[in-house]
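Worksheet for the structure shown next.
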Amino acid sequence: MHVDDNAPPVSPHACMVADLCRHIEHAEPPPTLAELAVKAGLSPYHLHRVFKAVTGVTPSDYARAHRARRVRDALPGAASVTQALLDAGYASNSRFYEESNEVLGMTPTAYRAGGAAMQIRFAIGQSSLGAILVAQSTRGVCAILLGDDPDLLLRDLQDRFPKAHLIGGDADFEQTVAHVVGFIEAPRIGLSLPLDLQGTAFQLRVWQALRSIPAGQTASYSDVAQRIGSPSAVRAVASACAANPVAVAVPCHRVLRIDGSISGYRWGIERKRALLLREAAAATGA
DNA sequence: GGTTCTCTGCCGC
DNA sequence: GCGGCAGAGAACC
């Protein structure tokens with residue numbers, strides 16, 4: 001997938017951390033910090049910091065998130081809830097139920113019943129920035145995608161929600177799209193629709209921070225990293241921006257390089273430039 | 001309730 | 001860039 005127009009070069013650290021992530025995913029009891037340190041050839045202290053700087057989360061957070069993902073994947077097809085969570089690596093039933101609300105946003109049984117067949121309405125329209133796809137789950141807007149080719153936008157939506165039941169061409173929903181297009185043309189008015197954002201804990205923190213940047217203002221990636229309390233996680237912030245599923249509603253276009261130059265944009269750098277120009281004009285004029 | 005592991009601020013090389 | 005300590009907190013038994 002095309003994520004960043006000019007992604008920074010991959011550092012040796014990033015490669016090493018990527019290896020460790022794969023190791024965490026495959027090891028059966030999750031590896032301890034000390035074990036990971038041996039594998040990386042670093043001290044546990046330093047490894048911990050490096051890992052967090054690259055990914056934005058600690059190794060144990062990463063392991064927890066991966067375990068949670070495994071349950072989510074296993075739950076819909078599992079023989080029982082208990083079987084699914086034991087398979088995913090939870091030691092016991094009670095351990096999982098303690099955090100199930102955080103992991104699933106609902107009880108495990110409800111998730112198993114309804115989560116897999118999540119219904120998503122979508123429509124594709126045109127805005128001054130080109131083609132736009134808006135999608136909405138029962139909880140809120142879950143995707144706003146921009147591009148040149150409507151077919152590619154639809155394929156992107158399918159990739160993001162492979163198990164969902166996608167419903168297009170709904171007349172009622174066209175109104176919602178018109179609403180979102182209006183918001184794209186004038187972001188300052190705000191989007192009065194609820195968002196349904198799915199992401200890792202770290203991504204959600206970043207997206208929340210982005211939403212606090214008002215139209216007409218910008219921030220650097222390290223500003224955002226500081227704002228969420230992980231000042232060294234600059235690269236991870238950039239990745240989270242690139243993973244933003246709702247263009248403009250989570251204003252990742254307001255994040256610039258530290259020297260103020262425009263860095264990459266998931267939906268094309270020209271769109272980022274256009275959005276920023278428009279917002280700056282609205283801020284000074286009128 | 002004690003132990004072990006995790007996490008972070010601070011410092012030294 | 002890297003290692004290590006101190007001390008607090010969470011997880012585990």
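So that the names make sense, note that chain A is the first sequence line, chain B the second, and so on, each numbered from 1. Bear in mind that the values here come from a model prediction, so they are computed numbers and not experimental data.
Counting non-hydrogen atoms of other residues, nucleotides and ligands closer than 6.0 Å to CD1 of A/I167 gives a total above 12. For A/R273, the CZ atom counts as densely surrounded, since its 6.0 Å shell holds more than 12 non-hydrogen atoms of other residues, nucleotides or ligands.
Using a 30° and 60° split on the angle between ring planes, A/Y62 and A/H66 fall in the parallel class, below 30°.
When only modelled atom types and interatomic distance are considered, A/S128 and A/R278 share a side-chain donor-acceptor pair under 3.5 Å.
Rounded to whole Å, atom P of C/dG1 lies 12 Å from atom CG of A/L42. Rounding to whole angstrom units, CG of residue A/L33 and P of B/dT6 are separated by 5 Å. Here the P atom of nucleotide B/dG12 and the NE2 atom of A/H46 are 18 Å apart, to the nearest Å. Atom CG in A/L47 sits roughly 14 Å away from atom C1' in B/dC5 (whole-Å rounding). Whole-Å rounding puts the A/H48 NE2 to B/dC7 P distance at 4 Å.
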Working for salt bridge (Lys or Arg N to Asp or Glu O under 4.0 Å), residues A/R160 and A/D156 = CA-CA 6 Å; A/R160 286 166 179 275; A/D156 190 5; 3.3 Å; yes

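Nearest to the side chain of A/T58, among B/dT8, C/dG3, C/dG4, sits B/dT8.
One finds a side-chain N or O of A/K52 lying less than 4.0 angstrom from the OP1 or OP2 phosphate oxygen of B/dT8. Between C/dC2 and A/H13, a contact under 4.0 Å exists linking OP1 or OP2 to a side-chain N or O.
If you run side chain to side chain contact (heavy atoms under 4.5 Å, CB included) between A/I132 and each of A/L153, A/I124, A/V180, A/L145, only A/V180 comes through.
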How does each nucleotide of nucleotides 6-13 of chain C score, in 5' to 3' order, for protein heavy atoms under 4.0 Å: base (B), sugar-phosphate only (S), or none (-)?
-> ------S-

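For a distance-only test at 3.5 Å, the side chain of A/R49 qualifies as a donor-acceptor partner of the base of B/dG9.
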